[in-house]
Protein chains: 2
Amino acid sequence: MQAKEAAERLGITQRMLRHYEKEGLMDVSRTFNGYRSYSETDLRRAGRIRDFIATGFSTREIRAMSACLSDEGSGPCEGGIEKLTEKLMHIDRLRAELDDKRNAVLERLATLRNGLSALGTDP
Amino acid sequence: MQAKEAAERLGITQRMLRHYEKEGLMDVSRTFNGYRSYSETDLRRAGRIRDFIATGFSTREIRAMSACLSDEGSGPCEGGIEKLTEKLMHIDRLRAELDDKRNAVLERLATLRNGLSALGTDP
DNA sequence: TGCAACACTTACATTGATGTCAGGCTTTTC
DNA sequence: GAAAAGCCTGACATCAATGTAAGTGTTGCA
């Protein structure tokens with residue numbers, strides 16, 4: 001498929017798609033006229049790149065674990081697991097704190113409701 | 001504590017710590033001589049900021065959900081849960097694919113080992 | 001007292017991801 | 001076959017996160 005459709009399906013701009021290519025993250029074939037032609041495989045790869053970037057990885061880091069980008073599980077995906085696990089730790093820490101906070105708010109709300117019902121406002 | 005120790009304990013540079021402050025993400029008190037003085041609370045806050053940034057959030061986004069940064073669960077942490085959940089989706093997608101890949105490699109290894117043992121190489 | 005270590009501020013430099021615009025083909029459509 | 005819409009390349013612009021250096025005050029130890 002052509003650039004426009006690919007970008008739309010991925011929810012990113014053509015500019016970003018070209019960027020991935022120029023950064024050596026993917027290799028897109030061209031039709032006779034020079035237009036890029038994205039295969040479904042290309043799409044999936046680009047989708048992974050998009051996710052990696054959205055998760056705070058740089059193209060440099062992503063390039064370093066390019067085995068993590070192909071459909072084929074051909075390589076041991078050098079370092080990929082470790083790096084991702086690290087990111088996951090960051091997320092997990094944040095999420096745990098957010099959850100605590102959310103629970104605190106919920107509790108406060110519950111207490112408030114209890115207080116009200118204790119006053120006989122509720123059956 | 002002073003800047004150096006704070007930075008070391010957080011595993012980041014003083015420069016970044018100052019950056020958080022200038023970006024309005026945190027407010028650090030000073031001692032009489034003008035030196036920054038980080039409290040444990042400050043450290044925790046800075047740690048969260050560090051994690052948010054490491055997870056791909058911009059200072060702009062973080063500022064927008066500053067309620068997620070305080071120790072106190074005083075606010076509903078506007079938007080924080082949603083944004084984090086979104087990031088989590090990105091990570092989860094990647095991790096699922098990585099896990100698949102890792103399993104494929106493990107399986108291949110297992111098959112290989114089986115093949116060898118079938119040859120009687122193993123007791 | 002004087003040096004070493006640390007702080008502070010300000011300003012410029014860099015790197016990365018994206019946006020945007022220009023100039024020039026190709027394809028489609030009326 | 002001419003206009004409209006898509007694609008391409010390349011250059012320049014921007015914003016954010018960091019690095020780094022310059023110039024200066026402070027603290028502490030020998």
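Just so you know, these numbers use all the heavy atoms, side chains as well, and skip hydrogens, waters and symmetry mates. Treat the numbers as computed from the prediction; the structure is a model and nothing was measured.
- At the phosphate of dA17(D), neither OP1 nor OP2 sits under 4.0 Å from any side-chain N or O atom of S58(B).
- Atom CZ of R63(B) is separated from atom P of dA17(D) by 8 Å (rounded to the nearest Å).
- Considering only heavy atoms from C-beta on, Y20(B) comes within 4.5 Å of I53(B) through its side chain.
- Contact annotation: the side chain of R44(B) approaches that of T41(B) to within less than 4.5 Å [non-hydrogen atoms, C-beta and beyond].
- Summarising the geometry, the separation between CD1 on I53(A) and P on dA16(D) is reported as 18 Å, rounded to the nearest angstrom.
- Summarising the local packing, CG of N33(A) is surrounded by more than 12 heavy atoms from other residues, nucleotides or ligands at distances under 6.0 Å.
- Here N33(A) does not reach the OP1 or OP2 of dC25(C): none of its side-chain N or O atoms lies under 4.0 Å away.
- Atom CE in M16(B) sits about 6 Å away from atom P in dG19(D), given to the nearest Å.
- Heavy-atom distances to DNA chain D give each of K22(A) and A3(A) a nearest nucleotide, and the one nearer the 5′ end belongs to A3(A).
- In this model, the phosphate group of dG16(C) is not approached by any side-chain N or O of R60(A) to a distance below 4.0 Å at OP1 or OP2.
- At whole-Å resolution of the value, CD1 in I12(B) and C1' in dG19(D) are 14 Å apart.
- Looking at the side chain of Q14(A), the nearest of the listed nucleotides dT18(D), dT18(C), dC7(D) is dC7(D).
- Each of M1(A), R18(A), Q2(A) was evaluated against R36(A); a single residue qualifies, R18(A), per the side chain to side chain contact (heavy atoms under 4.5 Å, CB included) test.
- With hydrogens and angles ignored, a donor-acceptor pair closer than 3.5 Å exists between the side chain of R15(A) and the base of dT20(C).
- OP1 or OP2 of dG19(D) has at least one side-chain nitrogen or oxygen of T13(B) nearer than 4.0 Å.
- Put simply, OH on Y35(B) is 14 Å from P on dA5(C), counting in whole angstrom units.
- Between F57(A) atom CZ and dT15(C) atom P the separation is 22 Å, expressed in whole Å.
- Nucleotides of DNA chain C nearest to F32(A) and Y20(A) differ in position, and the one nearer the 5' end is that of Y20(A).
- Between the CZ atom of R50(A) and the P atom of dT18(C) there is a distance of 12 Å, given to the nearest Å.
- Residue K4(A) places its side chain closer to dC7(D) than to any other of dT27(D), dC7(D), dA16(D).
- Applying the 4.0 Å criterion to OP1 and OP2 of dT9(C), one finds that R30(B) has a side-chain N or O inside that range.
- Atom CZ of R60(B) has 12 or fewer heavy atoms from other residues, nucleotides or ligands within 6.0 Å.
- When the side-chain nitrogen and oxygen atoms of Q2(A) are compared with OP1 and OP2 of dG6(D), none of them lie within a distance under 4.0 Å.
- We find that CD of E5(B) is positioned 14 Å from C1' of dA7(C), with the value rounded to whole Å.
- For the pair T59(A) and H19(A), the tightest heavy-atom approach, listed with the atom from each and the gap, is CG2-NE2, 4.2 Å.
- Taking side-chain N and O atoms only, R36(A) has a distance below 4.0 Å to OP1 or OP2 of dC8(D).
- OP1 or OP2 of dA17(C) lies within a sub-4.0 Å distance of a side-chain N or O belonging to H19(A).
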